[in-house]
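Presented below is the structure to which this report refers.
Numbers here simply count residues along the sequence, with the first being 1. Any value given below was found using the heavy atoms of this structure, including those in side chains, with hydrogens, waters and symmetry copies removed.
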Amino acid sequence: MIRLNDITSQLIIYHPKADTSLIEKAYVYSAKVHKGQVRLSGVPYLSHPLEVAYLLTEMKMDVISVVAGLLHDTIEDTDAELSEIKRLFGKETANIVDGVTKISKMPFDNSEERQAENMRKMILAMTTDIRVILVKLADRLHNMRTLGFHVPEKQISIAKETLDIYAPLAGRMGIYWLKSSLEDLCLYYLEHEIYEKIRAGIAARSGARENFIRDVKKLLSERLEKAKTGITIKGRHKHFYSIYTKMKDQNLNVDQVYDLLAFRVIVNSLKECYEVLGIIHSMWKPVLGRFKDYISLPKANMYQSLHTSVIGPLGQRMEIQIRTWEMDKVAEEGIAAHWKYKEGLLADKTDQKQFAWLRQLLEWQKNLRDPKEFIEMVQMDLFPNEVYVFTPKGAVKEFPKGATPVDFAYSIHSEVGEKCSGARVNNKMVPLRYQMKNGDIVEIITSSKQHPRKDWLDFVKTSRAKSKIRHWIKNQERDESIILGRSILEKGLEQSNLTLPNIMKNEQVSAVAKDFSFHSIEDLLASMGYGKISVNQVMGRLKPKLGIEEEIHTGLVSKVVSRLTRKKSTRGIKVKGLDDMLVRFAKCCHPLPGEHVIGFITRGRGVTIHKYDCRHILDVDQERVVEVLWEPSAQDVYLASLKVTSLDKKGILADISAIMAQKDANIIQAEVKTTTDKKGVSFFTIEVEDYKQLEGIMGAIKKLKDVLLVERI
């Protein structure tokens, strides 16, 4: 069993100036709160946190990490409180212990490939301090080493979880010895017969293998030492799980797997890596397609090395890796290799490098120089634009950051989204605007009386939710427009003393719909409800189909009506994409030809034209806003209102009226007031042809000597 002295002695080797007093304090505290607890093996429970802490020293972690290793189970398995951990051991330690506890409580029930990947992402996304993951990996490694004391069902469950979640995490951290250890232990419990076959196969050839490794190392040393000095050569058999995957992928048995051996050549410089590669390829024939250059194209977790497979001296395939000492350190220790323990000392060249690790998860922005700086670098979300949450059954769902329970509901099914009336997050009711956080357990509450609301579009984030909400609202508005259109048509029929028993199935109405190029009567009525087609247009097409002829007037009244109709039809507005629209001008802003204008489709009253910056148009449903253009027309006049502020002097009103007469503007109404500070305020309503004419009038009035201000109102 590991003892406290083993931990502190190991720590002092790589961190001579470390203050071990906090570790000793954590040991006493852990022993106190775990007192009386035993593991399934029968040994005191304290043995587990001691083993975890020792593994962290093997990973060359800092004092805080080792302290957290001693305390990592205190919150979950004892009466200890997080606040007490924070008070006694500091905020950093408490955060790590809390993070490990949260990961331990995650429900890893689904081991499908995509689900497992989301789980790994969730762990990384929840972790604001990488040391949380490293402590958890040490905890899992010791638990796997003692897994034999569990019942078989539990062994399989934990081994699957480890293979799906934690071994790949160790790979992402770049700690390959830890990854390989976890994978081999998982293979032992998940495929025990295959594990034993591989072990027996390797053992049967152990003598020959050792001789082969010795011979190859000798050949390499003799050849390489002629060209280089200070080169180290290592030889080993591959890990059991690596052999197993090759057997599985290529449908081989253990006797047919020839490249069981791997050699590593460690050199002093980058240049020597490629020089040694050339020498090795001159000694033995390389296997086509088996060369990989991870130096020029490093892995996302900083791993760098040259990999090549060659046919060895006895015709046996073997893998050779070539790397520098610096690369070897990263390959062995991963992210832990870049931790800083040299308090008060300058960082070495390796530490000063600006590097990228877990390229898909985090990008370093500045040089690493001391422990505080390193911690600051990892105190951020590793997935800044993604959120991972649980369903009540433990499945993981991925959403963009800022997503809400409504997004969650639509991800389940459209009907769930449409009926979403509330949500529980972590068993607490939350508003639908609540922004989900990593690790939340989300449950949707539905109601048959609920339906999507337009304000949901203000806070949902997923395209699926937005499109489904818009589709529902559009259909709902269409239904309302059909009802309104039918009511308008019925009134039109009533005014003409006509009745149709079943408008929705009437052949004549259907024929009118086709005349307007609509596919159905519903489309015709909806268009009437939106104001795109007037009831007079429909009645004009419908009456002939019902056998009713319009009376033809040829008298004076007819001529006047004809003249007025022609004048109205030439109002200078063109609605983009629509013809024969009813058009009226808003009284709130009185738009003039030449001004930037916009149209709003009303219900049953056509299109209302507003100035582009009219405050009323800013608050309306933007889906009903249409683009409109002015068309030249010399026959129409438009109303404009002016406010003129001037000194209260005789003749000013006459001067203003004279300007309007010169500019061909007709005054419809005028009102003059005098203020207490001896100023005159005049209000005019005038007829103009366009905005240019109005600008000319306002400019001329501004030039009058006693005029202070001219405003359009």
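Contact detail for I445 and A423: the closest heavy-atom pair is CD1-N, 4.2 Å. The two residues V132 and I103 have their closest heavy-atom pair at CG1-CD1, 3.8 Å. The two residues V460 and A465 come nearest to each other via the heavy atoms CB-CB, 4.2 Å. Across A526 and S481, no two heavy atoms sit closer than the pair O-CB, 3.7 Å. Closest approach of K179 and A167 over heavy atoms only: CG-O, 3.5 Å. The minimum heavy-atom distance linking V597 with P591 is given by the pair CG1-CB, 3.6 Å.
Within the 4.5 Å cutoff, the side chain of P405 has heavy atoms near those of the V430 side chain. Looking only at side-chain heavy atoms (C-beta outward), Y434 and D440 come within less than 4.5 Å of each other. Between L22 and I64, the closest side-chain pair of non-hydrogen atoms falls below 4.5 Å. Side-chain contact between D73 and P49: absent, with no pair of heavy atoms (C-beta onward) separated by less than 4.5 Å. At least one side-chain heavy atom of F408 sits less than 4.5 Å from a side-chain heavy atom of T391. Looking only at side-chain heavy atoms (C-beta outward), C186 and M144 come within less than 4.5 Å of each other. Contact of the F585 side chain with the L639 side chain is not registered, since no non-hydrogen atoms from C-beta on lie closer than 4.5 Å. A heavy-atom distance below 4.5 Å is not found between the side chains of V442 and K397.
Here ring-ring contact (aromatic ring centres under 6.0 Å, His included) pairs that include residues 68-96, with residues two or more places apart or in two chains, are Y29-F89, H48-H72. Listed by first and then second residue, the salt bridge (Lys or Arg N to Asp or Glu O under 4.0 Å) pairs that reach into residues 516-528 are R478-D523, sequence neighbours excluded. Among residues at least two apart or in separate chains, salt bridge (Lys or Arg N to Asp or Glu O under 4.0 Å) pairs with a member in residues 416-425 are R424-E443.
Under the rule for a side-chain hydrogen bond (donor to acceptor under 3.5 Å, both in side chains), the partners of D77 that lie at least two apart in sequence or sit in another chain are Y45. Not counting sequence neighbours, the partners of H471 by the side-chain hydrogen bond (donor to acceptor under 3.5 Å, both in side chains) test are N475. In this view, H451 and W472 satisfy the ring pair (Phe, Tyr, Trp, His ring centres under 6.0 Å) rule, not counting sequence neighbours. Taking D139 as the reference, K136 meet the salt bridge (Lys or Arg N to Asp or Glu O under 4.0 Å) condition, with sequence neighbours excluded. Considering only residues two or more places apart in sequence or on other chains, T74 meets the side-chain hydrogen bond (donor to acceptor under 3.5 Å, both in side chains) condition with none of them. Remark: H596 pairs with Y612 by the ring pair (Phe, Tyr, Trp, His ring centres under 6.0 Å) rule, at least two apart or across chains. Checked against salt bridge (Lys or Arg N to Asp or Glu O under 4.0 Å), R712 has the following partners two or more places apart in sequence or in another chain: E595. Every salt bridge (Lys or Arg N to Asp or Glu O under 4.0 Å) that D455 has, sequence neighbours left out, goes to R453. Evaluation of the salt bridge (Lys or Arg N to Asp or Glu O under 4.0 Å) rule for E490 yields R486 as partners, not counting sequence neighbours.
In this structure, the side chain of T101 does not engage the main chain of E76 through any donor-acceptor pair within 3.5 Å. Counting only distance, with no hydrogens or angles, the side chain of K437 and the backbone of V387 share no donor-acceptor pair below 3.5 Å. The closest donor-acceptor contact from the side chain of S104 to the backbone of V100 lies under 3.5 Å.
Atom CG of D98 sits about 5.0 Å away from atom CG of L82, to the nearest 0.5 Å. Once rounded to the nearest 0.5 Å, the distance linking CD1 of I488 with CD1 of I483 reads 12.0 Å. Note: S510 OG to M504 CE = 10.5 Å, rounded to the nearest 0.5 Å. Taken from CG in L457 to OG in S467, the straight-line distance is 10.0 Å, to the nearest 0.5 Å. With rounding to the nearest 0.5 Å, the separation of CG in L134 from CE in M59 is 4.5 Å. Here CG of L489 is found 11.5 Å from CG of L484. Values are rounded to the nearest 0.5 Å.
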| request: For the pair F516 and S527, evaluate side chain to side chain contact (heavy atoms under 4.5 Å, CB included) and give the outcome as yes or no after the intermediate values. | output: CA-CA 10 Å; F516 283 104; S527 187; over 6 Å; no
| message | The test is side chain to side chain contact (heavy atoms under 4.5 Å, CB included); show your working for L137 and L141 and say whether it passes. | response | CA-CA 6 Å; L137 288 174; L141 179 57; over 6 Å; no
| message | Let's go through R140 and I158 carefully: what are the C-alpha distance in whole Å and the side-chain angles of both, what is the deciding distance for side chain to side chain contact (heavy atoms under 4.5 Å, CB included) to 0.1 Å, and is it a yes or a no? | response | CA-CA 9 Å; R140 179 50 59 111; I158 294 174; 3.8 Å; yes
| field | Check against side chain to side chain contact (heavy atoms under 4.5 Å, CB included), T162 and L185 | value | CA-CA 9 Å; T162 302; L185 287 164; over 6 Å; no
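Ring pair Y176/Y303: centre-to-centre distance below 6.0 Å.
Annotation for E415: atom CD does not count as buried by contact number, only 12 or fewer foreign heavy atoms lying within 6.0 Å. At most 12 heavy atoms of other shown residues, nucleotides or ligands fall within 6.0 angstrom of atom NZ in K491. Annotation: N427, atom CG; neighbour count of heavy atoms from other residues, nucleotides and ligands within 6.0 Å does not exceed 12. Annotation for E81: atom CD does not count as buried by contact number, only 12 or fewer foreign heavy atoms lying within 6.0 Å.
A side-chain donor from one of T404 and D407 sits under 3.5 Å from a side-chain acceptor of the other.
Between R131 and E92 a salt bridge is recorded (basic side-chain N to carboxylate O distance below 4.0 Å). Of the charged side-chain nitrogens involved, none lies within less than 4.0 Å of a carboxylate oxygen, so that K160 and D164 do not count as a salt-bridged pair.
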